[in-house]
Each structure stands twice: as structure tokens, then as C-alpha cells.
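Down below is the structure, laid out as C-alpha cells.
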Amino acid sequence: MSRTMLITGGSRGIGAATATLAAERGYQVAINYRSDSEAAERVVSEIEQAGGRAIAVQADMAVEADIVRLFDTVDRELGRLDVLVNNAGIIDQVARVDEMSFERVDRMMRVNVTGPFMCAREAVKRMSTKHGGQGGSIINISSAASHRGGSGEYVDYAASKGAIDTFTEGLAKEVAAEGIRVNAIRPGVVRTDIHASGGNPDKPDNSSKGIPMGRAGEAREIAGGILWLASDEASFTTGARLDIDGGV
Ligand code: NAP
């Protein structure tokens, strides 16, 4: 029986690379997205053409009912959930804290923190041996920004990822004896569309000088870490925060 992985924000960037690599390794994949159904369907078709199984499910991480529906859909269409990748995340335009609106910070926290919390709640209800499940793995996508602070650029984003680091530590301990491993990955700058969405499309090229390896990362290089954390090779790893950032 192939294992099932749900990837939030799996239609583009790091999530899409993770979906493709997971399918290559034999997972059935649920690809969540918020608005770009064409991008999600493209990832599904690529996986199907290569002989894999994938579904695309629309759900907004800022809406609890959407998250509940997402997990119900995965139950119905793919069966038992083995791995949740809490990957969906947003940035916003470059701004100082004294320029940020309540609405901006509230949205950042809903999508980047509350959404992953609610997804983890749904996953634990299904995976925990305490609830009759058979265990599983949760991987939260944090950021190098969580320990660098994002000053002058996006402190709200950095703080949301700091919350993800602490969430990972706490949840890992809470469910460690229930068959669930919980880990985080903290990517450095990775070449995806997220930078354009923050009005900074050239960030991967412009950041190269500050990265010891002298270049930005590629989405597939983050996906490799996610697949390792999901695998049995990481069977004694929980509560870890794995930095994949070219040495920053
Ligand atoms: P991306 O290319 O912008 O892709 C974002 C994905 O998340 C898309 O699939 C998007 O779907 C989805 N998404 C956005 N808002 C959503 C919502 N409210 N509900 C559900 N899905 C939503 O981003 P990325 O660069 O791959 O980033 C993925 C994760 O890595 C994020 O958590 C990000 O913070 C983290 N990260 C990225 C970098 C980097 O340099 N790229 C560095 C460190 C950490 P739609 O297109 O349908 O909206």
C-alpha cells in the first residue's frame, strides 16, 4: 500500500517540488491550493502522466471550514493520511513594523500560523494512536527568517515563522509517544514565485552575496529534506528544525 502525503500550498514552488518528488518515491499526494487551480491541476497531471496518483483540493488556510473539508476530502479519496506537510505560506510587501496595518498582520498570522495549527489538529486526530490511528509525520515549513528577524523587510512574516518553530517543539513533545513525529524545515532564500508576491522578484539573485554557498536554493533541494523527514530513515527525529539555507 502506498503512503499518503497532504501538502498545503502544493501547487507551486516548494510544495509543487515536494509533490513531484513524493510521487516519484511512491506516495499518493493531495495537493492543496488557494486560488490557482490551473497550477494545481498541472502538478496533478505531471504526476499522473508518470504513473502516480494525486488529487488537487482547494482550501484557504485562513478558513477553518475549508481546512476541515480538505481533510475530509483526503479521507474519502485517498484513505489513511501518513504525512502532513504544512507548507502554504505568504509574505507581503516590504514594510517596517510602524507601517503595518492590523489587517496585514492578522492575515499573515492566520495563513502562516493558525492554518498550520488547524491542519495539525486534523492530522493528529487521524494519526495519533490515542485516537486509534497508526502514527504519522508532520513537517512544518518555517524559514531562516525565524531566527534572523526580517528587519526592515517583513518582521511579521519572520515572527509567524518563529511561532512555527515553537509550535513544532511543543507539538513534537505532545504527540511523541503517540506515533507522530513533528519536525520543521527552515529554508533560506529559495527560487520561487513568493518573492514576486512580495514585490521583490529578484531577491534570489540579489541575496547570493550574503549566502555562504553563493547562491539561492532550488525548491527541489528543500523537497529532499522534507522527504527525508517523512521517511523511516528519520525514525528517531522529532522536534528538529532542519536549516536548509546554503549556510546562513
Ligand atoms: P509560493 O511559490 O508563493 O507558493 C505558495 C503556495 O501556497 C501556493 O501553492 C499557493 O497556492 C499556496 N497558498 C498561499 N496562500 C494560501 C492559503 N491561504 N491557503 C492555501 N494555500 C495557499 O511559496 P514558496 O516559496 O514555495 O513557499 C512555500 C513555503 O516555504 C512557505 O511557507 C514559505 O514561507 C516557506 N519559505 C519559502 C522561502 C523562499 O525563499 N521561497 C524561504 C523560506 C521559507 P495559490 O497559488 O493557489 O494561492
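Remember, it's 1-based here, ligands and their atoms both numbered in the order they're listed. One is the number of the first residue; the rest follow in order along the sequence.
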Crowding at [atom1], [X] (>12 non-hydrogen neighbours, <6.0 Å):
X      : atom1 : answer
Arg104 : CZ    : yes
Glu233 : CD    : no
Lys125 : NZ    : yes
Arg241 : CZ    : yes

Q.
Regarding Ser11 and Asp36, do their side chains bring together a donor and an acceptor under 3.5 Å, going by distance alone?
A.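 On atom types as modelled, these side chains do not qualify, holding no pair under 3.5 Å.
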Could you pull out, from [options], the option with a heavy atom nearest to [atom]?
atom                    : options               : value
atom 21 (N) of ligand 1 : Ala40, Gly13, Ala88   : Ala88
atom 20 (C) of ligand 1 : Gly89, Gly115, Ala59  : Ala59
atom 32 (O) of ligand 1 : Asp193, Ile141, Asn87 : Asn87
atom 18 (N) of ligand 1 : Ile90, Asp60, Asp245  : Asp60
atom 43 (C) of ligand 1 : Pro187, Ala39, Ala56  : Pro187

Q: Test Asp75 against every option in Arg69, Arg126, Arg80 by the salt bridge (charged side-chain N to carboxylate O under 4.0 Å, His left out) rule and name the one that passes.
A: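 Answer after filtering Arg69, Arg126, Arg80: Arg126.
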**Q.** Shortest non-hydrogen contact between Val111 and Ala62, atoms and distance
**A.**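 Scanning both residues completely, I find the closest heavy atoms to be CG2-CB, 4.0 Å.
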Closer than 4.0 angstrom: is that true for some heavy atom of [X] and an atom of ligand 1?
X      : answer
Thr8   : no
Arg186 : no
His195 : yes
Ala16  : no

Can you report which non-hydrogen protein atom sits closest to [atom], along with the distance?
atom                    : answer
atom 48 (O) of ligand 1 : Ser35 OG, 3.4 Å
atom 19 (N) of ligand 1 : Met61 N, 2.9 Å
atom 27 (O) of ligand 1 : Ile194 CD1, 3.9 Å
atom 42 (C) of ligand 1 : Gly188 O, 3.0 Å
atom 25 (O) of ligand 1 : Thr192 OG1, 2.5 Å
atom 11 (O) of ligand 1 : Ser11 OG, 3.5 Å
atom 34 (O) of ligand 1 : Tyr157 OH, 2.6 Å
atom 7 (O) of ligand 1  : Gly9 CA, 3.4 Å

Distance-only N or O hit between ligand 1 and [X], under 3.5 Å:
X      : answer
Val190 : yes
Ser143 : no
Ile14  : yes
Arg34  : yes

Q: Examine distances only and state if a side-chain atom of Glu221 and a backbone atom of Glu218 form a donor-acceptor pair shorter than 3.5 Å.
A: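 A pair under 3.5 Å: yes.
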Q: Look only at the side chain of Ser142 and the backbone of Arg186, and say whether a donor-acceptor pair between them is shorter than 3.5 Å.
A: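 Between the backbone of Arg186 and the side chain of Ser142 there is no qualifying donor-acceptor contact (under 3.5 Å).
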Q) Would you say the side chain of Pro212 lies within less than 4.5 Å of the side chain of Val248, judging by non-hydrogen atoms? A)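 The answer is yes; the side chains approach within 4.5 Å.
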**Q.** Among Asn32, Leu6, Asn140, Thr8, the one residue meeting side chain to side chain contact (heavy atoms under 4.5 Å, CB included) with Asn87
**A.**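 The passing option is Thr8.
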